[in-house]
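Single-structure report; data block below.
In what follows, every chain begins at residue 1, and chains take the letters A, B, ... in the order their sequences are listed.
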2 protein chains.
Amino acid sequence: MKTPVTIDLQRASRLLKLLGDPTRLTMMKLLKSHECCVCEFVEIFKMSQPAISQHLRKLRDIGLVKEERKGQWIFFSVNESHEDYPFIESILGHLPDQNESIVELESQGLRVCCK
Amino acid sequence: MKTPVTIDLQRASRLLKLLGDPTRLTMMKLLKSHECCVCEFVEIFKMSQPAISQHLRKLRDIGLVKEERKGQWIFFSVNESHEDYPFIESILGHLPDQNESIVELESQGLRVCCK
DNA sequence: ACAGTATATAAGCATATGCCTATATACGCA
DNA sequence: TGCGTATATAGGCATATGCTTATATACTGT
(Lines give C-alpha, C1' and ligand atoms only; values in the text may rest on other atoms or scores of the structure.)
Protein backbone atom coordinates (compact mmCIF):
# COMPACT_ATOMS: atom_id res chain seq x y z
CA MET A 1 0.00 0.00 0.00
CA LYS A 2 1.37 3.35 -0.96
CA THR A 3 1.67 6.10 1.56
CA PRO A 4 -0.18 9.12 0.20
CA VAL A 5 2.00 12.02 -0.76
CA THR A 6 2.23 14.36 2.16
CA ILE A 7 3.67 17.78 2.58
CA ASP A 8 5.60 19.09 5.54
CA LEU A 9 3.41 21.11 7.86
CA GLN A 10 5.61 24.16 7.87
CA ARG A 11 5.72 24.24 4.10
CA ALA A 12 2.00 23.63 3.87
CA SER A 13 1.19 26.50 6.20
CA ARG A 14 3.44 28.82 4.23
CA LEU A 15 1.62 27.92 1.03
CA LEU A 16 -1.79 28.22 2.61
CA LYS A 17 -0.90 31.60 4.02
CA LEU A 18 -0.01 32.80 0.54
CA LEU A 19 -3.25 31.41 -0.86
CA GLY A 20 -5.16 32.90 2.05
CA ASP A 21 -5.47 36.20 0.27
CA PRO A 22 -8.43 36.57 -2.10
CA THR A 23 -6.42 38.40 -4.74
CA ARG A 24 -3.63 35.82 -4.83
CA LEU A 25 -6.02 32.91 -4.67
CA THR A 26 -7.99 34.25 -7.62
CA MET A 27 -4.75 34.87 -9.49
CA MET A 28 -3.71 31.27 -9.06
CA LYS A 29 -7.08 30.00 -10.22
CA LEU A 30 -6.95 32.26 -13.26
CA LEU A 31 -3.37 31.36 -14.06
CA LYS A 32 -4.23 27.70 -13.92
CA SER A 33 -6.11 28.09 -17.19
CA HIS A 34 -4.71 31.29 -18.69
CA GLU A 35 -1.33 32.92 -18.87
CA CYS A 36 -1.75 36.51 -17.76
CA CYS A 37 0.42 39.57 -17.52
CA VAL A 38 0.48 42.26 -14.88
CA CYS A 39 -1.58 44.80 -16.77
CA GLU A 40 -4.40 42.31 -17.22
CA PHE A 41 -4.54 41.69 -13.52
CA VAL A 42 -4.60 45.43 -12.93
CA GLU A 43 -7.80 45.54 -14.98
CA ILE A 44 -9.34 42.47 -13.42
CA PHE A 45 -8.69 43.42 -9.82
CA LYS A 46 -9.05 47.17 -10.21
CA MET A 47 -5.91 47.49 -8.18
CA SER A 48 -2.73 49.50 -8.61
CA GLN A 49 0.03 48.02 -10.74
CA PRO A 50 2.52 47.85 -7.87
CA ALA A 51 0.01 46.01 -5.72
CA ILE A 52 -0.40 43.40 -8.45
CA SER A 53 3.35 43.13 -8.95
CA GLN A 54 3.86 42.58 -5.27
CA HIS A 55 1.32 39.79 -5.10
CA LEU A 56 2.90 38.10 -8.09
CA ARG A 57 6.32 38.47 -6.55
CA LYS A 58 5.20 36.62 -3.45
CA LEU A 59 3.77 33.84 -5.56
CA ARG A 60 6.93 33.70 -7.61
CA ASP A 61 9.30 33.84 -4.64
CA ILE A 62 7.81 30.65 -3.30
CA GLY A 63 7.82 29.11 -6.75
CA LEU A 64 4.08 28.88 -7.37
CA VAL A 65 4.22 30.84 -10.58
CA LYS A 66 6.84 31.38 -13.22
CA GLU A 67 7.27 34.26 -15.59
CA GLU A 68 8.26 34.56 -19.19
CA ARG A 69 8.97 37.79 -20.94
CA LYS A 70 7.37 38.23 -24.32
CA GLY A 71 8.32 41.58 -25.75
CA GLN A 72 7.37 44.26 -23.34
CA TRP A 73 5.03 42.01 -21.39
CA ILE A 74 5.87 39.48 -18.78
CA PHE A 75 3.49 36.56 -18.76
CA PHE A 76 2.89 34.63 -15.62
CA SER A 77 1.76 31.05 -15.43
CA VAL A 78 1.39 28.35 -12.83
CA ASN A 79 4.56 26.47 -12.14
CA GLU A 80 3.35 22.92 -12.48
CA SER A 81 6.69 21.48 -11.55
CA HIS A 82 6.59 22.96 -8.07
CA GLU A 83 7.30 20.23 -5.59
CA ASP A 84 3.95 20.77 -3.91
CA TYR A 85 1.94 21.33 -7.05
CA PRO A 86 -0.41 18.40 -6.42
CA PHE A 87 -1.34 20.00 -3.12
CA ILE A 88 -1.96 23.35 -4.77
CA GLU A 89 -3.91 21.79 -7.59
CA SER A 90 -6.22 19.94 -5.26
CA ILE A 91 -7.03 23.24 -3.55
CA LEU A 92 -7.62 25.11 -6.79
CA GLY A 93 -9.81 22.27 -7.97
CA HIS A 94 -12.36 23.20 -5.35
CA LEU A 95 -12.70 26.76 -6.59
CA PRO A 96 -15.21 27.92 -9.17
CA ASP A 97 -13.57 28.76 -12.46
CA GLN A 98 -12.88 32.41 -13.09
CA ASN A 99 -13.26 32.49 -16.82
CA GLU A 100 -15.73 35.33 -16.57
CA SER A 101 -12.96 37.77 -15.72
CA ILE A 102 -11.09 36.74 -18.83
CA VAL A 103 -14.17 36.90 -21.03
CA GLU A 104 -14.95 40.36 -19.74
CA LEU A 105 -11.40 41.42 -20.37
CA GLU A 106 -11.63 40.18 -23.93
CA SER A 107 -14.94 41.90 -24.52
CA GLN A 108 -13.31 45.14 -23.49
CA GLY A 109 -10.47 44.51 -25.88
CA LEU A 110 -8.07 44.55 -22.95
CA ARG A 111 -6.82 41.01 -23.23
CA VAL A 112 -3.17 41.13 -24.17
CA CYS A 113 -2.68 39.02 -27.25
CA CYS A 114 0.99 38.56 -27.70
CA LYS A 115 1.57 39.03 -31.40
CA MET B 1 -21.68 14.79 -15.60
CA LYS B 2 -21.66 16.24 -12.15
CA THR B 3 -20.14 19.59 -11.51
CA PRO B 4 -17.57 19.19 -8.76
CA VAL B 5 -18.43 20.88 -5.49
CA THR B 6 -16.88 24.29 -5.43
CA ILE B 7 -16.46 26.86 -2.76
CA ASP B 8 -16.79 30.58 -3.10
CA LEU B 9 -13.44 32.28 -3.50
CA GLN B 10 -13.90 34.72 -0.65
CA ARG B 11 -14.88 31.95 1.73
CA ALA B 12 -12.02 29.79 0.50
CA SER B 13 -9.45 32.50 1.09
CA ARG B 14 -10.79 33.13 4.58
CA LEU B 15 -10.42 29.45 5.39
CA LEU B 16 -6.96 29.22 3.85
CA LYS B 17 -5.84 32.26 5.77
CA LEU B 18 -6.87 30.60 9.00
CA LEU B 19 -5.07 27.40 8.03
CA GLY B 20 -2.06 29.41 6.94
CA ASP B 21 -0.69 29.43 10.44
CA PRO B 22 1.44 26.46 11.46
CA THR B 23 -0.08 26.24 14.92
CA ARG B 24 -3.67 26.26 13.70
CA LEU B 25 -2.92 23.94 10.82
CA THR B 26 -1.33 21.43 13.16
CA MET B 27 -4.24 21.78 15.54
CA MET B 28 -6.69 20.92 12.80
CA LYS B 29 -4.67 17.92 11.74
CA LEU B 30 -4.46 16.72 15.32
CA LEU B 31 -8.14 17.33 15.98
CA LYS B 32 -9.07 15.34 12.93
CA SER B 33 -8.04 12.19 14.74
CA HIS B 34 -8.11 13.17 18.41
CA GLU B 35 -10.30 15.34 20.58
CA CYS B 36 -8.03 17.66 22.51
CA CYS B 37 -8.41 20.24 25.21
CA VAL B 38 -6.61 23.52 25.66
CA CYS B 39 -4.12 22.32 28.24
CA GLU B 40 -2.96 19.52 25.95
CA PHE B 41 -2.25 21.99 23.20
CA VAL B 42 -0.33 24.15 25.65
CA GLU B 43 1.96 21.17 26.22
CA ILE B 44 2.24 20.21 22.58
CA PHE B 45 2.98 23.67 21.25
CA LYS B 46 4.91 24.94 24.27
CA MET B 47 2.87 28.07 24.03
CA SER B 48 0.95 30.13 26.57
CA GLN B 49 -2.60 29.11 27.41
CA PRO B 50 -4.13 32.37 26.12
CA ALA B 51 -2.31 31.99 22.81
CA ILE B 52 -3.81 28.53 22.39
CA SER B 53 -7.26 29.72 23.40
CA GLN B 54 -7.09 32.51 20.87
CA HIS B 55 -6.15 30.17 18.04
CA LEU B 56 -8.99 27.84 18.95
CA ARG B 57 -11.39 30.75 19.12
CA LYS B 58 -10.55 31.73 15.57
CA LEU B 59 -11.10 28.19 14.40
CA ARG B 60 -14.36 28.01 16.29
CA ASP B 61 -15.63 31.41 15.16
CA ILE B 62 -15.49 30.27 11.58
CA GLY B 63 -17.02 26.94 12.51
CA LEU B 64 -14.07 24.67 11.82
CA VAL B 65 -14.04 23.20 15.29
CA LYS B 66 -16.65 22.64 17.92
CA GLU B 67 -16.28 22.37 21.65
CA GLU B 68 -17.84 20.24 24.30
CA ARG B 69 -17.37 20.74 27.98
CA LYS B 70 -16.58 17.62 29.98
CA GLY B 71 -16.20 18.51 33.61
CA GLN B 72 -13.56 21.14 33.98
CA TRP B 73 -12.16 20.51 30.52
CA ILE B 74 -13.43 21.73 27.21
CA PHE B 75 -12.73 19.29 24.43
CA PHE B 76 -12.35 20.53 20.91
CA SER B 77 -13.01 18.49 17.81
CA VAL B 78 -13.29 19.05 14.10
CA ASN B 79 -16.74 20.15 13.00
CA GLU B 80 -17.40 17.68 10.24
CA SER B 81 -20.70 19.27 9.37
CA HIS B 82 -19.09 22.54 8.35
CA GLU B 83 -20.38 23.48 4.93
CA ASP B 84 -16.85 23.46 3.54
CA TYR B 85 -15.62 20.42 5.38
CA PRO B 86 -14.82 18.45 2.21
CA PHE B 87 -12.50 21.26 1.20
CA ILE B 88 -10.81 21.29 4.59
CA GLU B 89 -10.54 17.55 4.67
CA SER B 90 -8.84 17.40 1.30
CA ILE B 91 -6.24 19.83 2.57
CA LEU B 92 -5.65 17.99 5.82
CA GLY B 93 -5.36 14.78 3.86
CA HIS B 94 -2.11 16.01 2.37
CA LEU B 95 -0.51 16.56 5.75
CA PRO B 96 1.57 13.99 7.59
CA ASP B 97 -0.21 12.65 10.62
CA GLN B 98 0.73 14.18 13.93
CA ASN B 99 0.20 11.23 16.18
CA GLU B 100 3.67 11.59 17.58
CA SER B 101 2.64 14.63 19.58
CA ILE B 102 -0.19 12.66 21.11
CA VAL B 103 2.00 9.66 21.84
CA GLU B 104 4.57 11.89 23.49
CA LEU B 105 1.86 13.53 25.53
CA GLU B 106 0.64 10.14 26.68
CA SER B 107 4.12 8.97 27.56
CA GLN B 108 4.47 12.00 29.78
CA GLY B 109 1.18 11.21 31.41
CA LEU B 110 -0.18 14.53 30.26
CA ARG B 111 -2.93 13.25 28.04
CA VAL B 112 -6.20 14.23 29.60
CA CYS B 113 -8.31 11.16 29.98
CA CYS B 114 -11.78 12.26 30.78
CA LYS B 115 -12.92 10.00 33.53
C1' DA C 1 -17.64 28.69 51.10
C1' DC C 2 -12.95 28.10 49.56
C1' DA C 3 -8.89 26.54 47.03
C1' DG C 4 -7.17 24.60 42.90
C1' DT C 5 -7.43 23.79 38.01
C1' DA C 6 -9.06 24.91 33.23
C1' DT C 7 -10.38 28.20 30.11
C1' DA C 8 -11.64 32.91 28.30
C1' DT C 9 -11.12 37.68 27.79
C1' DA C 10 -8.75 42.25 27.92
C1' DA C 11 -5.09 45.21 26.97
C1' DG C 12 -0.71 46.13 25.15
C1' DC C 13 3.07 45.59 21.98
C1' DA C 14 6.19 44.21 18.15
C1' DT C 15 6.00 42.72 13.71
C1' DA C 16 3.72 41.46 9.32
C1' DT C 17 0.64 42.58 5.68
C1' DG C 18 -1.53 44.98 1.92
C1' DC C 19 -2.10 48.82 -0.05
C1' DC C 20 -0.63 53.46 -1.85
C1' DT C 21 2.50 57.09 -4.40
C1' DA C 22 6.83 58.09 -6.39
C1' DT C 23 10.45 56.51 -8.96
C1' DA C 24 13.56 53.28 -11.46
C1' DT C 25 14.25 49.90 -15.03
C1' DA C 26 13.34 47.35 -19.36
C1' DC C 27 11.61 46.89 -23.82
C1' DG C 28 9.58 48.45 -28.56
C1' DC C 29 9.19 51.60 -32.01
C1' DA C 30 9.76 55.87 -34.60
C1' DT D 1 18.18 58.67 -29.34
C1' DG D 2 13.98 59.64 -27.27
C1' DC D 3 9.06 58.55 -26.12
C1' DG D 4 5.49 55.45 -24.65
C1' DT D 5 4.22 51.31 -22.36
C1' DA D 6 5.02 47.51 -19.02
C1' DT D 7 6.94 46.08 -14.90
C1' DA D 8 9.72 46.37 -10.53
C1' DT D 9 11.30 48.49 -6.44
C1' DA D 10 11.40 51.83 -2.51
C1' DG D 11 9.31 54.09 1.13
C1' DG D 12 5.42 55.16 3.89
C1' DC D 13 1.18 54.23 6.31
C1' DA D 14 -3.01 52.05 8.29
C1' DT D 15 -4.51 47.87 9.83
C1' DA D 16 -4.08 42.94 11.04
C1' DT D 17 -1.77 39.32 13.44
C1' DG D 18 0.30 36.66 17.06
C1' DC D 19 2.06 36.80 21.07
C1' DT D 20 2.54 38.35 25.98
C1' DT D 21 0.85 39.42 30.99
C1' DA D 22 -2.95 40.32 33.98
C1' DT D 23 -7.37 39.24 35.19
C1' DA D 24 -12.08 37.18 34.98
C1' DT D 25 -15.01 33.16 34.77
C1' DA D 26 -16.34 28.31 35.35
C1' DC D 27 -16.09 23.97 37.24
C1' DT D 28 -14.36 20.31 40.95
C1' DG D 29 -13.59 18.59 45.27
C1' DT D 30 -13.04 19.47 50.25
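Using a 4.0 Å cut-off between charged nitrogen and carboxylate oxygen, A:E35 and A:K70 count as a salt-bridge pair. At a threshold of 4.0 Å, the pair A:K17-B:D21 does not count as salt-bridged, since none of the basic side-chain nitrogens sits closer than that to a carboxylate oxygen. One finds no salt bridge joining B:D97 and B:K29 here, because no Lys/Arg side-chain nitrogen approaches an Asp/Glu carboxylate oxygen to under 4.0 Å.
Rounded to an integer number of Å, the gap from CD of A:E43 to P of D:dT7 is 12 Å. Across the protein-nucleic acid pair, B:I74 atom CD1 and C:dT5 atom P stand 18 Å apart, rounded to whole Å. B:R60 places its CZ atom 13 Å from the P atom of C:dT7, with the value rounded to the nearest Å. Rounded to a whole Å, the CZ atom of B:F45 is 13 Å from the P atom of D:dG18. When rounded to the nearest whole Å, the span between CG of B:D21 and C1' of C:dT17 equals 14 Å. The distance between atom CD of B:E68 and atom P of C:dA6, rounded to the nearest whole Å, is 18 Å. Summarising the geometry, the separation between CH2 on B:W73 and P on D:dT28 is reported as 10 Å, rounded to the nearest angstrom. The CG atom of A:L19 sits 14 Å away from the P atom of C:dT17 (whole-angstrom rounding).
For the segment residues 50-57 of chain A, residues with any heavy atom less than 4.0 angstrom from an atom of DNA chain D are, sorted by number, A:P50, A:S53, A:Q54, A:R57.
Side chain of A:R24, nearest nucleotide from C:dG18, D:dT7, C:dT7: C:dG18. Comparing D:dA8, C:dA8, D:dT7 by their closest approach to the side chain of B:V38 singles out C:dA8. In the set C:dC20, C:dA6, D:dT7, the nucleotide with an atom closest to the side chain of A:M47 is C:dC20. Side-chain atoms of B:K58 lie closest to D:dT17 of the nucleotides C:dC20, D:dT17, D:dC19.
For the OP1/OP2 pair of C:dC20 and a distance below 4.0 Å, the side-chain nitrogens and oxygens of A:S48 include at least one atom meeting the criterion. A:R69 has no side-chain polar atom (N or O) that falls below the 4.0 Å cut-off from OP1 or OP2 of D:dA6.
Side chain of B:E40 to main chain of B:C37: a donor-acceptor pair is present (N/O by atom type, distance under 3.5 Å, no hydrogens or angles). The backbone N or O of A:G71 sits less than 3.5 Å from a side-chain atom of A:R69, completing a donor-acceptor pair.
With no hydrogens or angles considered, no side-chain donor-acceptor pair links A:N99 and A:S101 at under 3.5 Å. Side-chain contact check for A:N79 and A:S81: at least one donor-acceptor pair (N or O, by modelled atom type) lies under 3.5 Å.
For C:dA8, the base has a donor-acceptor partner in the side chain of B:Q49 [N/O atoms by modelled type, under 3.5 angstrom].
Each of A:K17 and A:Q72 was assigned the nucleotide of DNA chain C with the nearest heavy atom; the assignment lying further toward the 5' end belongs to A:K17. Both A:F76 and B:K46 lie near DNA chain D, and the one whose nearest nucleotide falls closer to the 5' end is A:F76.
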